[in-house]
Amino acid sequence: MRSHGAARAQTTLAGLAVALVLVTAVTVGGVAAADRVLADAAGESLEQHRAESAADALLTESPITRSDNGSDAVDLTLANETNATVLAAAVPPLRGAAFRVRIDGRTVAERGDPSSGYTVSRGAVGVNRRTVRRSINLSAEPNTTLTGRTNRTRLDVNPAPNTTVQTIWVDDRVALHQPAGIEGQHVVGVSSRPDHEVRVETTGDEPSGSVDVSATAFDATVVRIEVTVDA
């Protein structure tokens, strides 16, 4: 009967062998060889291992994701603009393989014919980003509403010589305050709730000038990403 010590030693040796093969494979640029070793160790097919690894990589740090406040999300604009060459360069499990990446059933990148490959699917947060702008005419209404969800707002304050902008509110919070007057460009943080009212307080008779308000708004949705790899 084989002793527990002998079994443990064999397990350790097998692990070392895997590690040595990986180091050698990566050193010579053999990503596929490294993937095969890892797939065998996990009891997976090479296609399954590479598809699983590629899906995980695509949803963390990749050309189609962005991170806001520590959370990764699929940027649907970036996904629309990407292609197979960009993804293969950034995601090692896709290199040298036929693959297809779909988001909600729409193909965003494809190389070769992966129809016989292995497909994995992941749920993710998808974000659409758009620029929103409004302008406050200080000789008319002193407030406006910026529609959409954002976490910061840009304010470009341009009062006329006869006007002093003392305070700018965003919703129920004082975003900027300067008794001597506010001018120029400023970026202020706002809560992540949608639609923000911006209100300007001025001094002087018949105030005039403008405050331009802009932001990058984002709309979040749940998407499904599918990765098919035929290694």
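All values below were derived from every heavy atom in this structure, side-chain atoms included, with hydrogens, water molecules and symmetry-related copies excluded. Nothing fancy with the numbering, it's 1 onward along the sequence. Keep in mind that what you see is a predicted model, and the values were worked out from it rather than measured.
In this structure, Ala54 and Val91 approach most closely via the heavy-atom pair CA-CG1, 3.9 Å.
Thr164 contributes no side-chain N or O that, together with a main-chain N or O of Gln166, makes up a donor-acceptor pair within less than 3.5 Å. With hydrogens and angles ignored, the 3.5 Å screen pairs a side-chain donor or acceptor of Asn162 with a backbone N or O of Glu206. Without hydrogens or angle criteria, Arg111 side chain to Leu94 main chain gives a donor-acceptor distance under 3.5 Å. In this structure a side-chain-to-backbone donor-acceptor pair under 3.5 Å is missing from Ser208 to Ser139. In this structure, Arg154 contributes its side chain and Asp212 its backbone to no donor-acceptor pair below 3.5 Å. Remark: side-chain polar atoms of Asn83 are not paired, donor with acceptor, to backbone N or O of Ala109 under 3.5 angstrom. The backbone N or O of Phe218 sits nowhere less than 3.5 Å from a side-chain atom of Arg149 that would complete a donor-acceptor pair.
Residues that satisfy the side-chain contact (heavy atoms from CB on, under 4.5 Å) test with Ala90, not counting sequence neighbours, are Pro63. Among residues two or more places apart in sequence or in another chain, the side-chain contact (heavy atoms from CB on, under 4.5 Å) test is passed with Thr150 by Thr153, Val190, His196, Ala215. Applying the side-chain contact (heavy atoms from CB on, under 4.5 Å) rule to Arg100 yields the partners Arg102, Thr107, Glu110, Pro114, Thr228; only residues at least two apart in sequence or on another chain are considered. Under the side-chain contact (heavy atoms from CB on, under 4.5 Å) criterion, Glu197 pairs with Asn143, Thr145, Asp171, not counting sequence neighbours.
In this structure, CG on Asp104 lies 8.0 Å from CG on Leu76, to the nearest 0.5 angstrom. Rounding to the nearest 0.5 Å gives a distance of 9.5 Å between CD of Gln48 and OG of Ser53. The CG atom of Leu87 sits 6.0 Å away from atom CG of Leu58, with the distance rounded to the nearest 0.5 Å. Expressed to the nearest 0.5 Å, how far CG of Leu176 lies from CD of Glu201 amounts to 12.0 Å. Annotation: the span from Ile64 atom CD1 to Leu78 atom CG amounts to 8.5 Å, rounded to 0.5 Å.
Sequence neighbours left out, not one pair with a member in residues 132-144 passes salt bridge (charged side-chain N to carboxylate O under 4.0 Å, His left out). Residue pairs meeting the salt bridge (charged side-chain N to carboxylate O under 4.0 Å, His left out) criterion with at least one member in residues 215-231, sequence neighbours excluded, are Arg130-Asp219.
For CD of Gln178, the number of neighbouring non-hydrogen atoms (other residues, nucleotides, ligands) closer than 6.0 Å is greater than 12.
Contact check for Val157 versus Ile168: side-chain heavy atoms found under the 4.5 Å cut-off. Contact of the Leu138 side chain with the Val165 side chain is registered, since non-hydrogen atoms from C-beta on lie closer than 4.5 Å. Contact check for Val101 versus Ile225: side-chain heavy atoms found under the 4.5 Å cut-off. Side chains of Pro159 and Glu183 form a contact here, defined as non-hydrogen atoms less than 4.5 Å apart.
Of the residues Thr77, Thr216, Asp75, the one that meets the side-chain hydrogen bond (donor to acceptor under 3.5 Å, both in side chains) test with Arg129 is Asp75.
One hydrophobic cluster, built from ILVMFWY side chains closer than 4.5 Å, cannot hold both Leu46 and Val229; they sit in different ones. Hydrophobic clustering of Ile, Leu, Val, Met, Phe, Trp and Tyr side chains at less than 4.5 Å, counting indirect connections, unites Val188 with Val213. Val198 and Val132 fall within the same hydrophobic cluster, defined by Ile, Leu, Val, Met, Phe, Trp and Tyr side-chain heavy atoms under 4.5 Å apart, directly or through other members.
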